[in-house]
There are 2 protein chains.
Amino acid sequence: MPKSGRNKVSSLQDLADLAGVSRATASRALNDNPIISARTRKKLQALARKHGYSINRQARDFRLRRTSVISVVFMLDVESQQHMSDPFFLDMLGGIADALADHDYDLLLAHAPIANILDVKESRVMRQSDGVIFIGQEQQLEQLNQLAEDGQLMVVWGYPVPDKKYVVVGGDNVGGGYKATKHLLEIGRRKIGFFGATNNPENAARHEGYLKALSEYNVDPDPTLKVDVPFEMLRAREAIIDMLDSQVELDAVVCISDVMALATMSTLQELGLRVPQDISVVGYDDITLAAYSSPQLTTVRQNIRHAGRILVESVLGLINGENVPDTMLSSELIIRNSCGAK
Amino acid sequence: MPKSGRNKVSSLQDLADLAGVSRATASRALNDNPIISARTRKKLQALARKHGYSINRQARDFRLRRTSVISVVFMLDVESQQHMSDPFFLDMLGGIADALADHDYDLLLAHAPIANILDVKESRVMRQSDGVIFIGQEQQLEQLNQLAEDGQLMVVWGYPVPDKKYVVVGGDNVGGGYKATKHLLEIGRRKIGFFGATNNPENAARHEGYLKALSEYNVDPDPTLKVDVPFEMLRAREAIIDMLDSQVELDAVVCISDVMALATMSTLQELGLRVPQDISVVGYDDITLAAYSSPQLTTVRQNIRHAGRILVESVLGLINGENVPDTMLSSELIIRNSCGAK
DNA sequence: CTGAAAGCGCTTACAG
DNA sequence: CTGAAAGCGCTTACAG
């Protein structure tokens with residue numbers, strides 16, 4: 001019973017009635033299906049525009065048994081929930097959000113720390129999205145593998161481990177750790193600390209790069225210079241104080257993140273040490289603030305926004321049934337003033 | 001044609017068949033509708049658990065004409081897209097995400113800078129969510145009003161303006177600006193700069209608090225000490241340099257954000273000025289890094305995570321047809337070492 | 001307390 | 001090139 005006039009066009013049926021065609025034709029026309037005559041298509045599309053009608057995506061997605069949603073899960077280190085307030089993650093989230101928007105997907109954010117991923121297997125995050133992006137692997141490698149084996153479409157930001165069963169996108173962490181350390185060695189540092197817990201693949205790889213550089217310079221790694229402090233700042237502070245109290249010699253430190261490097265510099269300065277004159281500091285990530293600390297932080301840049309795009313394209317590839325390879329993004333040393341090279 | 005045994009239970013119908021009841025009863029039972037006998041309810045719920053079945057939320061939401069999604073729109077200052085990488089926003093996003101999860105809502109993130117909100121009126125952000133949280137008002141007050149008048153359920157993080165037609169949750173910006181400035185006055189500063197663009201209601205209110213404190217101490221505000229630099233760090237740097245070049249006297253500065261304060265301190269130090277001895281600096285927000293700069297930053301704390309909860313409860317109230325009042329959260333001065341009070 | 005039926009707004013084989 | 005019909009997985013008045 002088509003009603004013409006000022007009535008609100010709020011469904012395909014309304015539009016079809018208005019145009020004097022069937023709902024099926026209207027559907028095909030709006031989807032620009034070439035099986036429909038160009039004339040009919042144009043007509044329906046114009047009519048839709050005129051009446052401010054657009055296809056109800058919820059209904060369409062429901063019908064097509066898809067969600068047009070990608071979940072993003074932050075694998076926070078459960079002990080240090082601060083983790084996610086690292087600006088690094090916001091930049092990454094921004095990159096992912098933008099890339100997703102370009103592909104007309106929505107971003108569902110799972111933020112709460114997840115002690116065991118398998119707990120969320122039946123949650124909305126998994127069931128109500130077409131794919132999942134995990135940020136970080138932390139210590140849940142087996143659980144991630146299990147999910148992947150169950151057929152979950154997923155890609156992980158991190159560093160590839162030998163037996164992984166999922167697609168990984170990540171930075172060249174070995175290279176990053178290597179470049180940072182080599183830089184310190186080149187400017188004459190020899191007592192180089194490594195600050196950050198290496199109980200996840202990314203940080204372990206950075207540490208590997210650190211060791212590689214040391215060995216090239218024939219410097220024996222000193223285990224007392226390795227501080228297994230988690231990603232959290234308060235602890236970093238304590239760890240540094242402990243270390244200096246114990247009279248170890250230290251003339252430089254490689255940090256696992258800029259946030260940790262910033263906390264380290266601040267603690268050192270507070271203790272009366274000068275950066276870089278007494279101790280050089282290198283960070284990791286190149287967050288925006290790194291260029292505005294004093295001294296400005298020398299750091300390893302990861303191209304986060306680009307990483308966001310790759311992550312998105314990788315899940316989308318998976319959804320389209322493509323064979324998606326791992327991606328390793330290069331890392332670049334950004335030399336500023338915290339090491340003394342300038 | 002119920003098939004018992006190991007067949008996957010993937011719809012209400014499957015479950016109903018298994019239990020020998022109708023789909024309607026199964027639906028009511030799983031929703032714990034008291035009209036169904038307790039016995040039947042328990043039975044169905046147990047069966048669902050046993051077979052790992054849970055109601056398909058997409059179908060349910062579709063049927064109920066709701067989305068269980070709240071959109072979060074960051075009103076970035078279009079000129080300085082850096083804006084959102086301010087850690088403040090990540091903390092806020094985290095607070096919102098957590099509160100939403102508690103209420104079983106999803107968070108849809110609209111991140112791309114939006115030149116004109118009305119452009120997104122017909123977008124997924126608006127159409128495909130039950131309500132919207134806007135972070136910041138920036139210069140789009142009229143557009144926000146228009147949306148609200150069109151019946152969009154929305155709440156805005158910001159500062160209430162006289163003719164606004166939407167619910168506002170925000171900090172006590174006048175009080176915050178006042179406390180920061182008063183603190184500087186108390187420790188003897190008189191040439192107090194104000195750094196940050198005041199072209200949005202929040203910052204304008206902070207500036208108002210600044211003026212209020214000055215007037216209490218009979219200090220005439222000096223317009224050359226007000227730097228209308230946007231929320232972006234590179235520009236802050238230039239502005240400060242310009243200012244110092246022009247030989248104005250300056251012994252303290254109130255900044256619109258911690259990020260700006262950090263950039264300010266770094267620039268001052270680079271120019272050979274000491275903080276706080278030569279110039280005191282106060283920030284705003286109390287981001288995590290504020291406690292780890294050198295010197296540690298004195299700042300105005302906004303309880304961001306709590307703000308996130310209030311924002312969520314406010315939209316949800318709107319959805320439930322409640323009368324939702326504005327909320328103003330108190331601001332607290334956190335005294336550290338960047339002013340010289342200690 | 002329970003069930004048969006209608007319907008949310010779409011898409012797509014199938015038939016013409 | 002177009003349409004009638006079925007159906008995605010639910011919920012809820014209505015009737016019993």
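Chain letters run A, B, ... following the sequence lines, proteins first and then strands; every chain starts at 1.
- Here the C1' atom of nucleotide C/dT2 and the CZ atom of B/R28 are 7 Å apart, to the nearest Å.
- Between B/Y53 and D/dC10 there is a side-chain N or O to OP1 or OP2 distance below 4.0 Å.
- The separation of D/dG16 from D/dT12, taken at their C1' atoms, amounts to 16 Å, rounded to a whole angstrom.
- Phosphate contact (OP1/OP2 of D/dG3, side-chain N/O of A/T25, threshold under 4.0 Å): present.
- Taking only side-chain nitrogens and oxygens, B/R63 never comes nearer than 4.0 Å to OP1 or OP2 of D/dG9.
- Between A/F62 and B/F62, the ring planes lie tilted relative to each other; the angle falls in the 30° to 60° range.
- As rounded to whole Å, 15 Å separates atom P of D/dT11 from atom CD1 of B/I35.
- Side-chain nitrogen and oxygen atoms of A/N56 include none within less than 4.0 Å of the OP1 or OP2 phosphate oxygen of C/dC8.
- Distances from the side chain of A/R23 to the nucleotides D/dA4, D/dA6, C/dG9 place D/dA6 closest.
- Enclosure of atom NE2 in B/H306 is not indicated, since only 12 or fewer non-hydrogen atoms of other residues, nucleotides or ligands lie within 6.0 angstrom.
- Under the 30°/60° scheme for interplanar angles, the aromatic rings of A/F88 and A/W157 are found to be tilted.
- B/S11 comes within contact range of the sugar-phosphate backbone alone, with a heavy-atom separation under 4.0 Å but no base atom that close.
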Could you go step by step and tell me if A/D163 and A/V161 meet the side-chain contact (heavy atoms from CB on, under 4.5 Å) rule?
-> CA-CA 6 Å; A/D163 49 352; A/V161 292; 3.9 Å; yes
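- Judged purely by distance below 3.5 Å, without hydrogens or angles, the side chains of B/Q146 and B/D150 never pair a donor atom with an acceptor atom.
- Rounded to whole angstrom, the span from the CZ atom of A/F62 across to the C1' atom of D/dC10 amounts to 6 Å.
- In this structure, A/N31 places its CG atom 15 Å from P of D/dT2, rounding to the nearest Å.
- For the pair A/R65 and D/dC8, the criterion of a side-chain N or O lying under 4.0 Å from OP1 or OP2 is not met.
- Using Watson-Crick or G-U wobble geometry with both donor-acceptor distances under 3.5 Å, C/dG16 finds its partner in D/dC1.
- Taking side-chain N and O atoms only, A/S27 has a distance below 4.0 Å to OP1 or OP2 of C/dT11.
- As a whole-Å value, the separation of B/L44 CG from D/dT11 P is 12 Å.
- In this structure, A/S10 does not reach the C/dG9 phosphate: none of its side-chain N or O atoms is under 4.0 Å from OP1 or OP2.
- Among the heavy atoms of the strands lying under 4.0 Å from A/L64 are primed sugar atoms or P, OP1, OP2 only; no base atom is included.
- Counting any heavy atom pair closer than 4.0 Å across all strands shown, A/L12 reaches a base atom.
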